[in-house]
Amino acid sequence: MGTKQRKEKEAKKNRRPFFQEMKKNGAYYMMMLPAGIVVFLFAYLPMPGLIIAFQDFNFVDRFRSPFIGLNNFKFFFTSSYALQTTVNTLVINFNYLIWTTFLAVAVAIILNEIKGRVSRKIYQNAIFIPYFISSVVVGRLVRTMLFADSAGGVMNRLLRMFGADPVKWSTVPIAWPFIIVGAHLWQLTGYTSIVYLASIAGFDREMYEAASLDGASRWQKIRYLTVPLLMPSIIVMMLLSIGGMLRGDFANIYAIIEDNGMLFKYTDVIDTYVFRAIKGAAEFGTTTAIGLYQSVVGFILVMGSNWLAKKYDKDSALF
């Protein structure tokens with residue numbers, strides 16, 4: 001039997017009927033079912049509502065509102081907010097992606113190098129706790145304690161200790177993107193590191209033992225074994241994050257900035273702009289058009305990033 005015929009036979013063998021597949025892996029599909037229902041309800045079921053992006057929507061006619069073509073898109077893209085909010089969203093999310101990945105990998109490696117089991121658990125829990133703190137609480141801590149305008153704020157006290165004058169932080173727009181990124185890192189680095197720590201736990205320990213016998217130092221084992229072995233996990237996590245590059249961390253950003261117009265120049269992202277548009281004028285047509293724009297760009301970014309990942313390593317791509 002030729003190689004081609006053998007491959008065709010194996011392909012037919014692997015092509016199981018739907019019900020046979022369900023019977024064999026039913027437990028896994030049942031575990032996936034709750035998440036699948038949530039995704040269907042909140043991601044796929046509302047899709048027909050995208051027609052609002054092409055209508056002058058009102059609550060009397062609802063989905064039969066007057067059709068206005070691309071006017072909602074035109075309104076957004078001809079305004080000054082389109083470029084400003086898009087750039088802010090990309091800059092903040094790019095920093096989220098790069099620094100969260102770097103710190104999460106570093107934390108995972110450091111935790112893995114801690115030999116004491118109790119010590120490792122204590123440190124792991126300590127850095128994991130911020131993930132469970134509400135964004136509202138984080139915003140309040142940042143605005144009223146760390147970067148308060150008064151001289152009693154933590155940062156202003158530190159500035160006075162070094163002989164500098166207190167700063168009225170609510171009037172310094174350029175500082176707040178850094179503050180937002182810092183708050184995000186504090187809250188999510190520990191949570192993200194768990195994924196990489198789990199990957200490290202699955203590595204073959206014999207490779208590390210062989211490296212030790214060859215005289216490799218701890219740093220060399222990290223550099224030549226741990227980091228290369230982590231690359232597939234890093235790529236997959238980055239690909240999953242890139243899809244949401246045009247969706248800012250709305251909860252954290254709005255909790256920190258709220259409606260302080262003086263800071264919008266550097267901190268106003270697409271999601272906060274949409275929220276204010278709905279809250280202020282109930283512009284459902286325009287905001288739906290913006291949401292569609294975010295989704296389309298996110299799709300393009302995922303497809304492009306996946307293509308690049310496939311060029312780097314075929315096994316690391318999502319599809």
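Bear in mind that the values here come from a model prediction, so they are computed numbers and not experimental data. Heavy-atom basis, side chains included; hydrogens, waters and symmetry copies ignored.
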Inset, instruction - Taking atom CE of Met31 as the centre, report whether more than 12 heavy atoms of other residues, nucleotides or ligands fall under 6.0 Å from it. - result: no
Legend entry - Ser170-Asn260 side chain donor-acceptor pair, cut-off 3.5 Å: no
Legend entry - Euclidean distance, Thr226 OG1 relative to Leu230 CG, rounded to 0.5 Å: 6.5 Å
Inset, instruction - Show your working on side-chain hydrogen bond (donor to acceptor under 3.5 Å, both in side chains) between Trp169 and Asn156 and close with a plain yes or no. - result: CA-CA 9 Å; Trp169 294 101; Asn156 279 336; 3.3 Å; yes
Inset, instruction - Quick one: pull up CD1 in Ile256 and CG in Leu263 and give me the separation to the nearest 0.5 Å. - result: 11.0 Å
Inset, instruction - For atom CZ of Arg205, decide whether the heavy atoms of other residues, nucleotides or ligands shown that lie under 6.0 angstrom number more than 12. - result: yes
Legend entry - Cluster link Val137 to Phe147, ILVMFWY, side chain under 4.5 Å: yes
Inset, instruction - Kindly check if the number of other-residue, nucleotide or ligand heavy atoms within 6.0 Å of CZ (Phe250) is above 12? - result: yes
Legend entry - side-chain hydrogen bond (donor to acceptor under 3.5 Å, both in side chains) contacts touching residues 231-245 (sequence neighbours left out): Ser199-Ser233
Legend entry - Side-chain donor or acceptor of Asn306 paired with backbone N/O of Val302 under 3.5 Å: no
Inset, instruction - Can you see which heavy atom on Arg143 is nearest to which on Ala255, and at what distance? - result: NE-O, 3.1 Å
Legend entry - Test side-chain hydrogen bond (donor to acceptor under 3.5 Å, both in side chains) applied to Arg276 and Asp259, Asp268, Thr287, Asp271, the passing residue: Asp268
Inset, instruction - Indicate, with yes or no, if the rings of Phe264 and Tyr273 have centres closer together than 6.0 Å. - result: no
Inset, instruction - Classify the angle between the aromatic ring planes of Tyr254 and Phe275 as parallel (below 30°), tilted (30 to 60°) or perpendicular (above 60°). - result: perpendicular
Legend entry - Closest non-hydrogen atom pair, Arg218 against Glu113: CD-OE1, 2.9 Å
Legend entry - hydrophobic_cluster_shared for Phe42 and Val39, side chain cutoff 4.5 Å: yes
Legend entry - Spatial distance of atom NE2 (His184) from atom OH (Tyr96) [nearest 0.5 Å]: 5.5 Å
Inset, instruction - Check the pair Asn252 / Ser135 against side-chain hydrogen bond (donor to acceptor under 3.5 Å, both in side chains), numbers first and verdict last. - result: CA-CA 5 Å; Asn252 264 352; Ser135 297; 3.1 Å; yes
Legend entry - Within one Ile-Leu-Val-Met-Phe-Trp-Tyr cluster: Trp307 and Phe299, side-chain cutoff 4.5 Å: no
Legend entry - Over 12 foreign heavy atoms within 6.0 Å of CE, Met47: yes
Legend entry - Point-to-point distance, once rounded to the nearest 0.5 Å, from OG1 of Thr267 to CD1 of Ile92: 6.5 Å
Inset, instruction - For the residue pair Phe132 and Phe128, categorise the inter-ring angle as parallel (less than 30°), tilted (30 to 60°) or perpendicular (more than 60°). - result: perpendicular
Legend entry - Hphob cluster co-occupancy, Met237 + Phe203, side-chain heavy atoms under 4.5 angstrom: yes
Legend entry - Shortest non-hydrogen separation from Pro46 to Leu41 and the atoms involved: CD-O, 3.4 Å
Legend entry - Donor-acceptor contact below 3.5 Å, side chain Asn95 vs main chain Val91: yes
Legend entry - Between Phe76 and Tyr81, ring centroids under 6.0 Å: no
Legend entry - Inter-residue atom distance Leu146.CG - Ile179.CD1, 0.5 Å rounding: 9.0 Å
Legend entry - Pair Phe77 and Tyr293, ring centroids less than 6.0 Å apart: yes
Legend entry - Contact summary for Asn72 and Ala289, nearest pair of heavy atoms: CB-CB, 3.9 Å
Legend entry - Closest non-hydrogen atom pair between Ala108 and Leu197, with its separation: O-CD1, 3.4 Å
Inset, instruction - Measure the CG-OG1 distance between Leu188 and Thr100 for me, rounded to the nearest 0.5 Å. - result: 6.5 Å
Inset, instruction - Could you tell me whether Tyr123 atom OH has more than 12 heavy atoms of other residues or ligands within 6.0 Å of it? - result: no
Legend entry - Over 12 foreign heavy atoms within 6.0 Å of CH2, Trp186: yes
